[in-house]
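What follows is a set of notes on a single structure, which appears directly below.
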Amino acid sequence: MASKLSVQGVTSGYVKGIDIVNDVSLEIQEDAITGIIGPNGAGKSTLLKTIFGFLHPSQGKMVFNRREIQTLSPFKLKQLGICYVPQDINTFPRLTVEENLMLGAWTFKRQRTLLKQRLGEIYDFFPVLGAKRGEKATFLSGGELQMLAIGKEVMTIPELLLVDEPSAGLAPMLVSEIYAFLQRIREQGVTIFLVDQNITKAVEVSDYMYLLEMGKIKKQGPKEDFEENIRGIIKDSLIAE
Amino acid sequence: MVTIDWTLLSQYIISGVVIGLIYSLMAMGITFIYGIMRIINWSMGEFYMIGGYLQYIIITHFLGVENWYLGVLLSMVGVFLLGMVVQGLLIKPMFQGSVERRTEYATIVTISLGVLFTNVAVIGAGPFIYSPPGYYHGTRILTLPVSGTRFVAFIGTIVLLSLFYLFLKKTWWGRAFQGAAQNRMGIQTAGIDVFRLDQIAFGIGVALAAAAGALLAPEFYLHPRCGSIATMKGFEIIVIGGLGSIPGVLCAGLLLGLIESLGAVFLNPSFRDVYGFLFLLAILAIKPTGLFEERERVA
Amino acid sequence: MKEISYTKITGFKWYSLSIAALLLLVALLPFSTGQYYLQVFTVAFYYVILASSWNLLAGYTGQFSLAHHAFAAIGGYTSALLVTNFGLPIWLGILAAPLSSALMGFILGMLCLRMRAIYLAIATWAFAESVRITISMTYEITRGDLGLAVPKIFPGIGQGVAYYYLFLGLAAMTVLVIMFIIRSRMGYYLRAIRNDEMVARVMGINTTRWKILAFMLSSGIAGIAGAFYGHYNGLLTPVMIDFNEMAFIVIMVVIGGIRSIAGPVIGAILIELLTETFREFGEIRMVVFALAVIAIARLYNEGAVGAVRQGAQWISRRKQAREGVN
């Protein structure tokens, strides 16, 4: 299978001299769900931010569709087909659900029919959003907000979707719904790179996985490698410094 | 018992409302820029002044007084472009990592910009007072006879504020600006170039100030320091109304106009400006964030 | 803006020698210049006091107040009014000035305690404008724009030298006091507050107390300066409380070097000298100053002091390289 995104020797951080992500290399395969797990502070979110251009690596490079992207701005990456759902709920609280989704469609805002179609598709999959489409986002519950946040970013049908902790703080039923959604869009041809604290869930849904600790890749492999050893990994990550 | 002359009272009220609304235009620019970039542009008054001068030049040398409204539009466009340039050179770097203490930097730079513009104006246009020809004949608003200029300025303000409102609520870019004020990261993940947005927002903000300057030029005359009063009223309004709140600006503008007017009627007319300021100090002491509290930005 | 840490520049000997030479020059100045430049320097020293005291609050404590000129005016008018209306001796009036300005500083400080930088700027601006309007409006007392006549400390003409040394002494004292404060525990607390107020509080620093103290000190000093100025100039007008005066102070401190002790001194003297020397160039002076401030803030934010520092470091590095070769 082809590599969608290739991260090569990337080092980055928020403050010059303090590296959170340390010489990380990984490959994200097309049409697959790649998961990355690791203890708190390992650098998973930072890695995602670096891929999406909020941080620029001090070393290394990243190649997407045969194009180097490490110096590009976030909005450019969105235009190239990478979408990012951050850890904190990324919606516009005082705009309506529909306005939120429409802003997600900015890059193709002129294509009215496509826009309507996409909106319909999102409402189909998340009926509760459809029901509340005229309400301001601030009135939504936590789970609904997460759906809105994801829906907003996938309005453009990404080639690569970066998701940071989709299940954080959600009730189990909602968690299943969200993961079902991710698998559904994977079938539509979206490559997914997923960060998750919930190791069991991550192993369940990913095809290939990475374990990040202290900014370095400690282990990688297909899900089977991780499945067998889940207990051990959880234990290690809890004890990790 | 004081016998109230209702006609006179209503005239004063209307007069206060009119002038308050026009200053709101200025305050709208200040608040809009703050909402997007979280900075205060201390040189708004100077953009007001430039707008007035541009308008004057356009109608006296090119288009003639009858086309004053075109003059207003053109001076808005001119100042919009100037604002974009200024933002790109001076403000944008604040968001690209090269500036450490942002508020301090923005204050220093915009204050200096104000000084720069004022003095360039003196050099360029001389320390004289220009009196642009009136735009319209005297008329009435309800019970109040107003000068043609004030009437024009009032209508112009209403038109501009309405257009601005429609722009924000109904257009794609307007929604983007609303979004940027609420969640900057969300804008970037949506694929919008947030720095471009900043630049345009700054341009729009100062263009609003320029519009106020162009509309009020015949009323308050043009000289290099004419912007400082507008700045003062503008800041009074945003303190009272609350930073970053658009309805706050409107309410506060009307309130300010009313307070000044009524104070002038019932108390001492020569202390007109003081009443607004007393109210402002009261707000600062009681509810420093203004009547319509600033909504926090999510990201 | 990066903080200038207090480091010694290439050898204590050169540093203290040059300071001493400068002081000697300054002390002997009256013997070589005429009345005009004597006045220029006197006013420059006045601005040194204002700039330094503002820098204490804004540069070191991080409270970017836009009301400093108002405290000078409060002090000036307090003293002037007490002396002219109640017949108080001048020295008593001057003593009363910082009481009123520090009190106002206290009030303003309390008002602004929890305010973030933006609101602080606006609140202090509003305060200063209120004072200005009050002074203008109560013209029956303050004579408003006509100006308030103030009895002079050294009456009569030809007292330029006396005033020169008076203000020189005041400026020197101010700088020494501020230097003492900065190098003391309080200075450490102030700088911590500026760096990150929340962290400072967590560290156990009583940020409220030190912020209020910084406000009161800087406004008190400004008040004294204003009072002395009134009794030197013989006339007080609301021009001194125009927003331009505040802009002037900001310009002086930024060009000289914010957050350094020498910065406001250099900036005040430099700007005042340039302003007077090039008087015939009119508004171009201000254009140049404004551009300089913008450039410094935008590109190279340590002002004149920073330039000197960098120059000294460059010299020492060259010296070391040469010595290293040997």
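The analysis underlying the following values was restricted to heavy atoms, covering all of them including side chains, and did not include hydrogens, waters or symmetry mates. Chain letters run A, B, ... following the sequence lines, proteins first, then strands; residues in each count from 1. Here the structure is a predicted model, which means the values were calculated and not measured.
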Flag if over 12 foreign heavy atoms under 6.0 Å of CZ, R201(C): yes
Taking every non-hydrogen pair under 4.5 Å, which of M137(C), M286(C), E129(C) racks up the most with chain B? M137(C)
Using 0.5 Å steps for rounding, measure from the OH atom of Y105(B) to the CD1 atom of I294(C). 8.5 Å
Looking at L262(B), I'd like to know if its CG atom is crowded, meaning that more than 12 non-hydrogen atoms belonging to other residues, nucleotides or ligands lie closer than 6.0 Å. yes
Heavy-atom closest contact (I39(B) atom, I118(C) atom, distance): CA-CD1, 4.0 Å
Rounded distance [0.5 Å steps], OG in S112(B) versus CZ in R298(C): 14.0 Å
Whatever's closer than 4.5 Å to a heavy atom in chain B on M115(C) counts as side chain
R116(C) portion near chain B, given a 4.5 angstrom heavy-atom threshold: side chain
Quick one: what part of L113(B) sits under 4.5 Å from any heavy atom of chain C, side chain, backbone, both or neither? both
So which part of L281(B) gets closer than 4.5 Å to some heavy atom of chain C, the side chain, the backbone, both or neither? side chain
Counting C-beta onward and ignoring hydrogens, is there a side-chain heavy-atom pair between F277(B) and R132(C) closer than 4.5 Å? no
In terms of heavy-atom pairs under 4.5 Å, which option from L284(B), V109(B), I123(B) contacts chain C the most? I123(B)
Which one, L90(B), L243(B), T289(B), leads in non-hydrogen pairs under 4.5 Å with chain C? L243(B)
Quick check on the structure: residues of residues 237-248 of chain C within a heavy-atom distance below 4.5 Å of chain B, by number. D242(C), F243(C), N244(C), A247(C)
Output the residues of residues 115-122 of chain B for which the shortest heavy-atom distance to chain C is under 4.5 Å, in residue-number order; output 'none' if no such residue exists. V115(B), L116(B), N119(B), V120(B), V122(B)
Is A292(C) in contact with chain B via its backbone, its side chain, both, or neither, using a 4.5 Å heavy-atom distance? neither
Is it the case that more than 12 heavy atoms not belonging to Y130(B) sit under 6.0 Å from its OH atom? yes
Which one, V288(C), I251(C), I284(C), V250(C), leads in non-hydrogen pairs under 4.5 Å with chain B? I284(C)
Carboxylate-amine/guanidinium contact E104(B) R259(C), below 4.0 Å: yes
Does some side-chain heavy atom of W42(B) sit less than 4.5 Å from a side-chain heavy atom of L66(C)? yes
Please find the pair of heavy atoms, one from A126(C) and one from L280(B), that lie closest to each other, and give the distance. CB-CD2, 3.4 Å
Engaged part of V287(C) at the chain B interface, taking heavy atoms whose separation is under 4.5 Å: both
Interatomic distance, F64(C) atom CZ to T103(B) atom OG1 [nearest 0.5 angstrom]: 10.0 Å
